[in-house]
> 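First, the structure itself, so that you have it in front of you.
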Amino acid sequence: MNQTAVTWSQPTPSRSAIESLVQEGRVHSRVYTDQAIFDLELERIFHTAWVYIGHDSELPKIGDYQTRQMGRTPVVMVRGKDKQVRVLINRCRHRGATVVETECGNTKLLRCWYHGWVYELDGSLREVPEPGGYGPDFKCEKMGLSQVPRVASHRGFIFASLQPEGESLTEFLGGAAEQFDMLVNASPTGEIFLDAGVNKTEYRGNWKLVGMDGYHPNFVHASVVAGWARNSESGIGAMHREDPFSDAALTLTRDLGHGHAMLDFRAQRLKSYSKHADFLAKVPGGVQYVEDMHKAYGKSQAELLLSLSGDPHLGVFPNLQLIGNQVRIIVPVAPGVTQVLMFMVRLGGVSDEINTMRVRQHESFYGPAGSGSPDDAEIFERVQTGMQAEFNPWIEISRGMHREYTDTDGSVVGRITDEVPQRGQMKHWLHLMTQAT
Amino acid sequence: MDRETLLTQWAELREVEIFLYREAELADTHQYQEWFKLFTEDLLYWVPSNSDASEVGKQIALINDNRPELDERLFRLGTKHAHAQSPKSRLSRVVTNIVLGEDWQGAVGGTVSSRVLVTEVRKGKTLHLAGRVVHVLARQNGALRMKEKRVYLAANDEVLPNLTFII
């Protein structure tokens, strides 16, 4: 008898068909609208590459768990009795029901309530009811919950890959790895906690639309920018001083390879360091925060970290973004439906008032009732509708091609309004989508 | 509650009811500045996220506005470039189960709880948002004003779409 089932799938677009969709400076809208392309993305990107699962701080205690999604695959991230974090496939080995039903919580055992199979926190099968019903070949040790084969973490950020072999997490993150420091080291103790709530939002548009774009803020967020004219420090205005979104600004776009990209605010924000320090000084504990940062990281690094406010504005392809005061997970649902989960970051080693100020900054702009995210979502929905037109189906992403350059670290750099991130994302997308399988 | 107290309170309940219906009407019709006038100087407009038990300022809320923040929200909605309200949501809400809190004193005000069902229609999609609302009302110069409006949406831990209208 055959031990393995023959896998089969719908006819998939050929390599040359996929290649024809991504051209120099332009992309075919089918990349965002086509069901066959979407199905292939789940298979070749979300079921293959490293994807972000969650942060170590979400599981402080043994038995803490969070359910997540890797493409179509429901998974559960759980801290075992040995304190290790595992990523298990949330599917009973018996008849396929999800074993963990609630989104998060704490448990001693993982129990499937269909027929009562019970698993340990490490996924191993502890017992089945009426074990006499199985023959001598049935071995509990072979019927544990499936482990996602590769799990690795960087500065507390846990990634997993459903592919048993492949590049390491370090190779995958490449130049993006050091940008995580810009977030984690915004804490003088180098500790962040994702325990201050999550916005769960959805828009009717493709998952790749939520990228790194420095050309849109003055238009999509015109109403917010108008508000900053009344009070420059309201909401996230305190982060964005002196119009960082004009070509005259020191702000840059940066393609870090592997589809990872950032809006590089470092030089621009550092220029306004003293204003930012004054802003922090008005918050109880702010002066102490500035002092502690200097002690922990030295003057020049502390000034950079404080200016950035823990916002590397980094996109890690395919599903993680470190933006503002949040960690974001992008969840593809359908070609035209995407969920964005926004986890508030609480900094360790700072006063409650500093964290409350950061919560309020987040609340003002992000989330479904914020002043910013819903306008982004609205525009993505307009894009998704417009892209249904296949008469002249090309999306133009050539902006800045004539002026981009390669930096000493190998990253490709453009002005803030340039489409360097979009090109970097599509280049890597094409690479993953046309990999030999 | 004896019949006499009930009848005394009925008039006060009616006054609160009329206030809440007016508030609902102004919210439904996007009369932002008129709605804003229903608040006291010191105010909280709070719609928690994830859990009804979440704490103001500790966990992120869907809405967490004091006076300057609410002023900014309404200013922004009043500009021509609040895209998520262009076109505007069409709103129709039902306010019901109004109960005066134990702290209620006709001359001063107090807590009022109610239930709301907001129906939003926009761009081919209909959304129903149900929730419990807690108003803290204060009597100022004879009239009732909102000191706090807290809305505990039944869906506050669900995946949510655009909520850029007054809830």
Side-chain angles (χ1 to χ4, degrees), chain A residues 103-104 195-204 218-228 230-231 234-235 237 325-326 331 333 337 339-346 352-353 355-364 366-379 381-382 385, chain B residues 32 44-89 118 120 122-125 127 129 151 153 155-167:
Chain A
E103 210 172 287
C104 57
D195 61 2
V198 51
N199 291 131
K200 303 172 200 170
T201 67
E202 184 170 273
Y203 64 86
R204 289 173 288 175
N218 285 319
F219 307 95
V220 175
H221 305 305
S223 62
V224 176
V225 173
W228 293 342
R230 301 166 85 218
N231 175 5
S234 79
N325 304 343
Q326 74 196 280
V331 185
V333 178
V337 184
Q339 291 174 1
V340 182
L341 310 177
M342 304 170 179
F343 297 81
M344 177 71 207
V345 172
R346 180 171 65 85
D352 288 349
E353 290 87 348
N355 275 318
T356 295
M357 175 274 287
R358 291 169 56 83
V359 164
R360 297 196 92 137
Q361 285 181 328
H362 177 90
E363 287 163 337
S364 78
Y366 298 99
S371 62
S373 305
D375 283 350
D376 285 319
E378 170 70 18
I379 297 295
E381 293 188 357
R382 293 181 194 179
T385 305
Chain B
Y32 307 128
L44 175 70
Y45 172 39
W46 190 56
V47 184
S49 181
N50 304 121
S51 156
D52 290 358
S54 93
E55 281 181 73
V56 181
K58 291 269 186 209
Q59 271 102 21
I60 48 173
L62 296 166
I63 295 173
N64 178 11
D65 288 348
N66 58 21
R67 172 163 285 273
E69 287 157 346
L70 182 54
D71 175 53
E72 185 168 289
R73 176 182 301 277
L74 300 175
F75 163 80
R76 194 188 80 79
L77 288 171
T79 67
K80 288 182 181 149
H81 307 295
H83 307 299
Q85 279 299 306
S86 174
K88 283 198 185 331
S89 300
V118 186
E120 186 232 18
R122 184 173 182 269
K123 293 177 86 170
K125 216 173 146 192
L127 175 70
L129 285 173
V151 186
L153 295 174
N156 65 19
D157 197 32
E158 298 298 314
V159 172
L160 291 163
N162 175 5
L163 300 181
T164 49
F165 45 87
I166 297 172
I167 296 168

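Naming convention: chains lettered A, B, ... in sequence-line order (proteins, then strands); numbering from 1 in each chain.
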> Could you look at A:Asp195 and say if it's the side chain, the backbone, both or neither that has a heavy atom under 4.5 Å from chain B?
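Looking at A:Asp195, just its backbone touches chain B.
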> Tell me, side chain or backbone of A:Ser364 under 4.5 Å from chain B's heavy atoms, or both, or neither?
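Contact with chain B: none, neither part.
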> Check whether A:Arg204 gets within reach of chain B through its side chain, its backbone, both or neither, counting any heavy atom under 4.5 Å.
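Just the side chain, heavy atoms under 4.5 Å.
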> Once rounded to the nearest 0.5 Å, what's the spacing between atom CG of A:Asn199 and atom CG of B:Leu62?
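If I round to the nearest 0.5 Å, the distance is 6.5 Å.
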> Which heavy-atom pair separates B:Lys58 from A:Asp352 by the least distance, and what is that distance?
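Closest heavy-atom pair between B:Lys58 and A:Asp352: NZ-OD2, 3.2 Å.
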> Consider side-chain contact (heavy atoms from CB on, under 4.5 Å). Of B:Leu160, B:Val159, B:Asn156, which one does A:Lys200 pass it with?
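Of the listed residues B:Leu160, B:Val159, B:Asn156, the side-chain contact (heavy atoms from CB on, under 4.5 Å) partner of A:Lys200 is B:Val159.
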> Is chain B contacted by the side chain of A:Arg230, its backbone, both, or neither, given a heavy-atom distance below 4.5 Å?
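Only the side chain of A:Arg230 comes within 4.5 Å of chain B.
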> Checking B:Asp157 against chain A: side chain, backbone, both or neither under 4.5 Å from a heavy atom?
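For B:Asp157, backbone and side chain are both near chain A.
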> If you count heavy-atom pairs under 4.5 Å between each of A:Thr201, A:Asn355, A:Val198, A:Val359 and chain B, which one has the most?
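Among A:Thr201, A:Asn355, A:Val198, A:Val359, the one with the most close pairs to chain B is A:Val198.
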> In Å and rounded to the nearest 0.5 Å, what is the CZ to CD1 distance from A:Arg358 to B:Ile60?
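Rounded to the nearest 0.5 Å, the CZ-CD1 separation comes to 12.5 Å.
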> Over all heavy atoms of both residues, which pair between B:Ala84 and A:Asp375 is shortest? Give the atoms and the distance, please.
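Between these two residues, the closest heavy atoms are N-OD1, 2.7 Å.
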> Check side chain to side chain contact (heavy atoms under 4.5 Å, CB included) between A:Val345 and all other residues, then give those that pass, not counting sequence neighbours.
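Partners of A:Val345 by the side chain to side chain contact (heavy atoms under 4.5 Å, CB included) criterion, ordered by chain and then number, come out as A:Leu183, A:Ile192, A:Leu194, A:Val327, A:Leu347.
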> If you count heavy-atom pairs under 4.5 Å between each of A:Gly370, A:Gly227, A:Ser371 and chain B, which one has the most?
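Top count of heavy-atom pairs under 4.5 Å with chain B: A:Ser371.
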> Let me know if A:Ala226 has heavy atoms under 4.5 Å from chain B in its side chain, its backbone, both or neither.
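Both backbone and side chain of A:Ala226 come within 4.5 Å of chain B.
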> Taking side chain as everything from C-beta outward and backbone as N, CA, C, O, which of these in B:Glu72 sits under 4.5 Å from a heavy atom of chain A? Side chain, backbone, both or neither.
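For B:Glu72, the contact with chain A is made by backbone and side chain together.
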> Which atoms form the tightest heavy-atom contact between A:Glu363 and B:Gln59, and what is the distance?
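So the minimum-distance heavy-atom pair works out to OE2-O, 3.7 Å.
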> Scan B:Lys80, B:His81, B:Arg76 and name whichever one has a side chain to side chain donor-acceptor pair (under 3.5 Å) with A:Ser223.
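Result: among B:Lys80, B:His81, B:Arg76, B:Arg76 is the only option passing the side chain to side chain donor-acceptor pair (under 3.5 Å) with A:Ser223.
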> Of all the heavy-atom pairs spanning B:Asn50 and A:Gly197, show the shortest one and how long it is.
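That closest heavy-atom pairing would be OD1-CA, 3.4 Å.
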> Stepwise, does the salt bridge (Lys or Arg N to Asp or Glu O under 4.0 Å) test hold for B:Lys125 with A:Glu381?
CA-CA 13 Å; B:Lys125 216 173 146 192; A:Glu381 293 188 357; 5.7 Å; no
> Could you look at A:Met342 and say if it's the side chain, the backbone, both or neither that has a heavy atom under 4.5 Å from chain B?
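Backbone only.
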> Spell out, as yes or no, whether a donor-acceptor pair under 3.5 Å connects the side chain of B:His83 to the backbone of A:Phe219.
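Present.
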> At a 4.5 Å cut-off on heavy atoms, which part of A:Glu202 comes close to chain B: side chain, backbone, both, or neither?
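The answer is both parts of A:Glu202.
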> Below 4.5 Å, heavy-atom pairs only: which of A:Ala369, A:Gly235, A:Ser373, A:Ala222 has the largest tally toward chain B?
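Highest number of pairs under 4.5 Å: A:Ala369.
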> Highest number of heavy-atom pairs under 4.5 Å with chain A: which of B:Thr79, B:Thr164, B:Asn64?
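Greatest number of close heavy-atom pairs with chain A: B:Asn64.
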> If I measure from the heavy atoms of chain A, does B:Glu55 come under 4.5 Å with its side chain, its backbone, both, or neither?
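B:Glu55 has no heavy atom closer than 4.5 Å to chain A.
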